[in-house]
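A quick write-up on the structure given underneath.
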2 protein chains.
Amino acid sequence: MHLEHAILGFLNYGPFTGYELKRVFDRSIRHFWPADQSQIYKTLSKLSDKGLASMDIVHQDDRPSRKVYQITDAGRTQLMEWIRRTPEVEVVREPFLIQVFFAGLLPDEEAIQILEEKASEIRAYIENLNEVTKVGAQGDGQKAPKKLQFYWFLTVDHGLWMMQASLDWLEETIERIRRGEYVDGPAVLDPPRRRRDG
Amino acid sequence: MHLEHAILGFLNYGPFTGYELKRVFDRSIRHFWPADQSQIYKTLSKLSDKGLASMDIVHQDDRPSRKVYQITDAGRTQLMEWIRRTPEVEVVREPFLIQVFFAGLLPDEEAIQILEEKASEIRAYIENLNEVTKVGAQGDGQKAPKKLQFYWFLTVDHGLWMMQASLDWLEETIERIRRGEYVDGPAVLDPPRRRRDG
DNA sequence: TGCTTCTATTGGAAATCTCCAATAAAGGAA
DNA sequence: TTCCTTTATTGGAGATTTCCAATAGAAGCA
């Protein structure tokens with residue numbers, strides 16, 4: 001369970017309540033691991049059951065008591081072990097490609113329209129990612145060490161690269177359909193290498 | 001539920017049993033929608049309940065009877081409606097990036113090692129995708145119409161572009177870490193546009 | 001002969017996640 | 001004054017998917 005590791009990672013920086021963690025997630029890694037609030041709470045109690053985190057109840061007069069979680073030594077060990085692990089082979093699952101696969105049933109203009117819609121959705125997403133970066137660059141009050149912030153930026157960078165690649169594919173594909181390429185038979189071309197402009 | 005639409009799409013080409021569908025999935029869209037066998041069976045009976053497919057039992061003397069499913073008019077209508085829909089915003093969920101995010105806790109060489117491992121995993125995946133294309137190009141006995149085959153190739157092409165982008169990001173990132181870039185502070189650069197070689 | 005693979009379907013358990021609702025008090029906006 | 005948002009947690013329902021096991025005859029291999 002990956003949420004477990006993500007939470008452990010944040011607890012490694014300091015103690016948090018479920019509520020606080022939700023905000024931390026939303027402000028840092030939402031772009032590659034969105035977390036549902038109730039899922040965070042459930043995972044916290046699981047971590048506690050496993051002895052990877054400990055919990056203290058802090059009473060408050062005006063609000064519900066806070067359950068503050070802290071990482072344990074066992075938790076820290078497991079976190080580091082996980083980070084060092086060879087990354088898993090990830091299963092690709094893209095509903096959009098099911099649509100593309102069967103879009104051959106539609107007339108060209110309609111297929112192109114769907115690809116255009118996807119393209120503008122991605123453009124909006126890129127805008128959004130750039131926003132995330134700006135908010136993160138301001139440091140959110142507490143300053144993270146430069147190195148950790150650098151790695152955070154790398155994940156944003158990854159998102160931007162992938163989105164850009166997707167956009168480029170869409171534009172190329174629309175071109176290919178416009179040219180009526182399938183009449184001459186299909187071809188899977190080698191994907192282009194990516195390099196920085198200028 | 002997306003598997004529902006994928007199955008409906010294949011049933012639109014002709015009648016299939018669950019067993020046959022499993023093989024069709026494995027030979028065509030596994031690279032973006034792997035399907036579990038028992039999930040296919042469950043989804044088929046759901047489609048039948050909803051009146052989107054009909055089922056005939058064909059007895060066989062030497063083997064268990066086959067349940068042959070056919071798409072209904074209602075099913076065809078819904079399939080076409082779905083294909084034309086504006087593509088959904090897809091939720092990104094990448095465990096590997098959680099690892100990258102926290103890899104800042106490791107010494108540079110160890111972080112680089114993880115990125116290298118990911119890179120070779122992706123290279124293997126690309127090999128595999130190229131295999132898929134070769135098998136598909138032979139047409140598998142029955143020939144699909146050129147246009148439909150073209151759209152199928154497009155989905156493979158998409159996979160290749162995305163994998164290549166991921167690989168390029170990894171290589172660039174390894175470079176950036178090697179240069180010790182984070183010492184001077186982080187930067188999210190604009191991703192490069194893609195162009196064909198030569 | 002024994003083992004594995006292929007054909008063909010079914011059912012249960014469990015993991016992971018989303019969505020929704022309930023509780024409760026404070027503070028700010030309209 | 002009424003309504004919405006924030007803080008803070010809990011619990012249940014359901015969706016989707018994976019994994020595993022059972023059944024069973026036939027065919028091919030060593």
Side-chain angles (χ1 to χ4, degrees), chain A residues 1-8 10 15-27 29-30 32-50 53 55-69 82 88-95 98 141, chain B residues 1-8 10-11 15-27 29-30 32-50 53 55-69 82 88-95 98:
Chain A
M1 208 239 227
H2 301 292
L3 183 57
E4 226 170 86
H5 300 293
I7 289 179
L8 228 38
F10 286 119
F16 286 103
T17 67
Y19 193 83
E20 288 164 349
L21 274 174
K22 170 63 178 161
R23 323 192 87 219
V24 169
F25 269 82
D26 285 349
R27 282 162 195 208
I29 68 173
R30 189 191 39 180
F32 60 85
W33 203 269
D36 181 79
Q37 205 183 22
S38 62
Q39 192 62 16
I40 289 175
Y41 281 107
K42 278 161 197 163
T43 306
L44 277 170
S45 66
K46 211 199 260 181
L47 284 172
S48 179
D49 289 348
K50 289 188 189 175
M55 189 259 284
D56 295 298
I57 295 178
V58 179
H59 285 282
Q60 300 182 110
D61 289 334
D62 52 339
R63 304 195 172 287
S65 4
R66 301 150 48 90
K67 293 191 168 179
V68 182
Y69 288 85
W82 180 77
E88 294 164 48
V89 178
E90 280 165 41
V91 173
V92 179
R93 207 171 268 287
E94 302 215 44
I98 304 180
Chain B
M1 209 237 225
H2 300 292
L3 184 57
E4 225 169 85
H5 299 293
I7 288 179
L8 229 37
F10 286 118
L11 289 184
F16 285 103
T17 68
Y19 192 84
E20 287 164 350
L21 275 174
K22 171 62 179 161
R23 323 191 88 218
V24 168
F25 268 82
D26 285 349
R27 282 162 195 206
I29 68 173
R30 189 192 39 182
F32 59 87
W33 204 270
D36 181 79
Q37 205 183 23
S38 64
Q39 193 61 16
I40 289 174
Y41 281 107
K42 278 161 195 160
T43 306
L44 278 171
S45 66
K46 212 201 259 181
L47 284 172
S48 178
D49 288 348
K50 289 188 187 176
M55 188 259 282
D56 295 297
I57 296 178
V58 180
H59 285 283
Q60 300 182 110
D61 288 334
D62 53 339
R63 303 194 173 288
S65 1
R66 301 150 49 86
K67 294 191 169 178
V68 182
Y69 288 85
W82 181 77
E88 293 164 49
V89 178
E90 278 164 44
V91 173
V92 179
R93 208 171 268 287
E94 302 215 43
I98 305 181

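Just so it is clear, the values below take in all heavy atoms, side chains as well, and ignore hydrogens, waters and symmetry mates. For clarity, every value in this text was computed on a predicted model and none was experimentally measured. Chain identifiers are assigned alphabetically (A, B, ...) following the order of the sequence lines, protein sequences preceding nucleic acid strands; residue numbering begins at 1 within each chain.
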Close side-chain approach of [X] and [Y], heavy atoms under 4.5 Å:
X	Y	result
A/Gln37	A/Tyr19	yes
B/Leu44	B/Leu21	yes
B/Trp33	A/Pro95	yes

Using whole Å, what does the distance between atom P of nucleotide C/dC19 and atom NZ of A/Lys22 come to?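 Going from A/Lys22 (NZ) to C/dC19 (P), I get 10 Å.
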- Task: Please state how far atom CZ in A/Arg30 lies from atom P in C/dC17, giving the value in whole angstrom units.
- Result: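 One finds 18 Å between P of C/dC17 and CZ of A/Arg30, rounded.
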| request: With sequence neighbours left out, write down each residue that passes side-chain contact (heavy atoms from CB on, under 4.5 Å) with B/Val68, or none if nothing qualifies. | output: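 Expected list: B/Pro15, B/Thr17, B/Val58, B/Arg66.
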Using five pairs at either end of the helix from C/dT1-D/dA30 to C/dA30-D/dT1, determine the angle between the two local helix axes and round it to 10 degrees.
->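 Answer for the end axes of this duplex: 30°.
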Exercise for the section: Check whether any side-chain N or O of B/Arg23 sits under 4.0 Å from OP1 or OP2 of C/dT7, and answer yes or no. Expected result: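 For B/Arg23, the contact criterion (side-chain N or O under 4.0 Å from OP1 or OP2 of C/dT7) is met.
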Inset, instruction - Dump the intermediate steps for side-chain contact (heavy atoms from CB on, under 4.5 Å) on B/Leu47 and B/Tyr69, then the final yes or no. - result: CA-CA 9 Å; B/Leu47 284 172; B/Tyr69 288 85; over 6 Å; no
Handout entry: Separation between NE2 of A/His2 and CD1 of A/Ile7, rounded to the nearest 0.5 Å
Key =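 So the NE2 of A/His2 and the CD1 of A/Ile7 are separated by 13.5 Å.
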Legend entry - Rounded distance (nearest 0.5 Å) linking atom CD1 of B/Ile98 with atom NE2 of A/His5: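 So the CD1 of B/Ile98 and the NE2 of A/His5 are separated by 8.0 Å.
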Exercise. State yes or no: are the ring centers of B/Phe10 and B/Phe25 separated by less than 6.0 Å?
Key: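 B/Phe10 vs B/Phe25: aromatic centres under 6.0 Å.
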Given protein heavy atoms under 4.0 Å, the one-letter contact record of nucleotides 8-18 of chain D, with B base, S sugar-phosphate only and - none, is simply BBBBB---SBB
